[in-house]
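What's counted below: heavy atoms across the whole structure, side chains too, no hydrogens, waters or symmetry copies. Per chain, numbering begins at 1; letters A, B, ... match sequence-line order.
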Protein chains: 2
Amino acid sequence: MTNNEDRYEDIVSTMQEAGYRLTPQRLALVHLLAESDQHPTAAQLYAELQQQFPTTSLATVYKTLHVLCELGEVQEMHLGQDEHRYDGSDRTTHPHLICIQCHEVVDAPARLSASLVDEVAVASGYRILTHNVEFFGLCPVCQEST
Amino acid sequence: MTNNEDRYEDIVSTMQEAGYRLTPQRLALVHLLAESDQHPTAAQLYAELQQQFPTTSLATVYKTLHVLCELGEVQEMHLGQDEHRYDGSDRTTHPHLICIQCHEVVDAPARLSASLVDEVAVASGYRILTHNVEFFGLCPVCQEST
DNA sequence: TTAAGTGCAAAGGTTTTGCGAAACT
DNA sequence: AGTTTCGCAAAACCTTTGCACTTAA
């Protein structure tokens with residue numbers, strides 16, 4: 001498991017190699033994504049960025065996020081209408097746990113077995129490139145407060 | 001596996017028992033959902049409904065879909081920004097296969113093992129209520145045309 | 001009869017686009 | 001120096017809401 005510093009460097013390298021400019025705004029955004037395991041929304045990232053760059057805009061945040069998604073460095077998660085979150089903590093496909101009460105999102109300690117993916121591919125005729133697993137439930141904190 | 005006619009009756013019964021009125025618009029929408037395994041969008045459902053009810057509105061479609069989701073008879077899928085689809089073909093949780101080129105969505109011939117779900121629950125402390133599995137790739141048709 | 005549902009139109013909220021100004025390489 | 005990128009504002013888009021009319025039970 002790579003640490004956050006390495007993750008930051010990885011993403012920056014990828015951007016550079018792909019010919020994208022390393023502007024301060026982008027570097028700050030990448031830092032936020034690599035550092036946090038909070039799976040933030042675009043609005044949350046924007047709010048944090050504003051502390052360093054008071055004049056930055058949501059448009060810039062979205063543009064950079066799209067670049068990172070294209071490069072495969074960030075996953076865009078669609079948890080519902082107006083609940084899009086971005087996961088830059090780990091390049092590899094990994095399941096998420098989502099609390100239906102507080103909307104916390106954390107990485108799940110599991111992987112889908114390769115054999116299951118193969119089975120589905122063979123049975124369906126699809127060429128499977130990636131997958132997405134989400135577990136919905138109550139986080140430990142919200143279970144208490146029920 | 002229940003057939004489409006049974007599925008239609010099931011959903012209608014659930015609505016009735018829950019005290020919802022069985023209007024012609026609702027029955028027609030339920031019919032579309034039960035009959036098709038196409039995982040349609042709200043707009044697609046609206047377009048089909050208009051053939052029978054030229055004055056119907058998207059608002060009515062959304063309202064009915066929300067009722068059905070609350071009752072657990074329909075699953076709302078969030079595949080991306082402005083790519084929400086509705087699955088009324090099967091009450092039980094089941095994975096989906098999504099073609100990244102033509103955006104076709106079909107049910108995947110597999111289930112997540114209960115033991116995997118249990119493992120995640122124990123390891124995380126979450127009380128898991130449901131889950132969502134999506135495989136992304138190329139459908140047989142789109143593989144040909146590449 | 002009457003409370004729930006329909007449908008129109010307008011509002012709401014997130015994401016995208018256009019374009020002149022700024023800045024990275 | 002030349003493009004990419006920024007950031008503002010406006011547009012676009014889907015979804016939701018308000019409200020008077022209609023209708024299922």
Side-chain angles (χ1 to χ4, degrees), chain A residues 11-32 39-71 73-86 103, chain B residues 11-32 39-71 73-86 103:
Chain A
I11 300 178
V12 171
S13 302
T14 304
M15 290 182 79
Q16 195 159 39
E17 282 163 28
Y20 288 102
R21 285 191 185 166
L22 304 179
T23 66
Q25 292 93 332
R26 284 181 173 171
L27 293 177
L29 186 67
V30 169
H31 200 74
L32 289 174
H39 310 79
T41 64
Q44 288 168 343
L45 291 165
Y46 171 57
E48 293 193 63
L49 262 188
Q50 275 192 309
Q51 297 177 16
Q52 295 178 61
F53 302 92
T55 63
T56 201
S57 70
L58 257 175
T60 299
V61 172
Y62 280 112
K63 285 169 186 167
T64 303
L65 286 172
H66 287 170
V67 166
L68 293 170
C69 285
E70 262 180 36
L71 295 174
E73 292 292 341
V74 164
Q75 290 179 49
E76 190 176 23
M77 310 167 57
H78 303 278
L79 301 183
Q81 173 64 12
D82 307 339
E83 184 75 14
H84 298 184
R85 288 166 174 275
Y86 296 87
H103 290 198
Chain B
I11 301 179
V12 171
S13 301
T14 303
M15 290 181 81
Q16 196 160 38
E17 283 162 27
Y20 288 103
R21 287 191 186 167
L22 304 179
T23 66
Q25 292 91 334
R26 283 180 175 172
L27 293 178
L29 186 67
V30 170
H31 200 74
L32 289 174
H39 309 79
T41 64
Q44 288 167 345
L45 291 166
Y46 172 57
E48 294 193 63
L49 261 189
Q50 275 191 309
Q51 297 176 18
Q52 294 177 61
F53 302 93
T55 64
T56 202
S57 69
L58 257 176
T60 298
V61 172
Y62 279 114
K63 285 169 186 166
T64 302
L65 286 172
H66 287 169
V67 166
L68 293 169
C69 285
E70 262 181 34
L71 294 173
E73 292 292 342
V74 163
Q75 289 179 49
E76 191 176 23
M77 310 168 56
H78 302 277
L79 300 184
Q81 175 63 12
D82 306 340
E83 185 74 13
H84 298 185
R85 289 168 173 273
Y86 295 88
H103 289 201

Query raised in the report: For the residue pair A:Y20 and A:R26, what are the closest heavy atoms and their distance?
Result: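 Reported closest heavy-atom pair: CB-NH1, 3.9 Å.
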
Query raised in the report: Looking only at heavy atoms, what is the nearest atom pair of A:L29 and A:V61, with distance?
Result: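 Reported closest heavy-atom pair: CD2-O, 4.1 Å.
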
Within the structure, does a side-chain N or O atom of [X] lie under 4.0 Å from either OP1 or OP2 of [N]?
| X | N | answer |
| --- | --- | --- |
| A:S57 | D:dC6 | no |
| A:T23 | D:dC6 | yes |
| A:Q25 | D:dG7 | yes |

Atom-to-atom span, [atom1] of [X] to [atom2] of [N] - whole angstrom:
| X | N | atom1 | atom2 | result |
| --- | --- | --- | --- | --- |
| B:L45 | D:dC14 | CG | P | 14 Å |
| B:K63 | D:dC19 | NZ | P | 12 Å |
| B:H66 | D:dT17 | NE2 | C1' | 12 Å |
| A:Y46 | D:dC6 | OH | P | 14 Å |
| A:L79 | C:dT14 | CG | P | 15 Å |
| B:R26 | D:dT23 | CZ | P | 15 Å |
| A:Q52 | D:dG7 | CD | P | 12 Å |
| B:L58 | C:dG7 | CG | C1' | 11 Å |

Report task. Have a look at A:T55 and say if it touches a base, only the backbone sugar-phosphate, or nothing, with a 4.0 Å heavy-atom cut-off. Result ->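 Counting heavy atoms under 4.0 Å across all strands, the contact made by A:T55 is with sugar-phosphate only.
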
Report task. Give one of base, sugar-phosphate or nothing for A:H78, where a contact means two heavy atoms less than 4.0 Å apart. Result ->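 Result for A:H78 = nothing.
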
Query - Toward the 5' end of DNA chain D, by each residue's nearest nucleotide, A:R21 or B:E83 - result: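 Here A:R21 is the residue nearer the 5' end.
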
Query raised in the report: When the nearest nucleotide of DNA chain D is assigned to A:Y20 and to B:A59 on a heavy-atom basis, which residue is associated with the more 5' position?
Result: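 So the residue in question is A:Y20.
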
Query raised in the report: Taking atom types as modelled, is there a side-chain donor on B:T14 or B:E73 under 3.5 Å from an acceptor on the other?
Result: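 The criterion, which ignores hydrogens and geometry beyond distance, is satisfied for B:E73 and B:T14.
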
**Report entry** Between A:Y86 and A:Q75: side-chain donor-acceptor atoms closer than 3.5 Å
**Finding:**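 No - no donor-acceptor pair under 3.5 Å links their side chains.
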
Query raised in the report: Counting side-chain heavy atoms from C-beta on, which of C:dT25, D:dA25, D:dC6 comes nearest to A:L22?
Result: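 My answer, after comparing the listed nucleotides, is C:dT25.
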
Query - Sub-4.5 Å side-chain heavy-atom contact between B:L45 and B:L65 - result: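 In short, these two side chains touch, coming nearer than 4.5 Å.
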
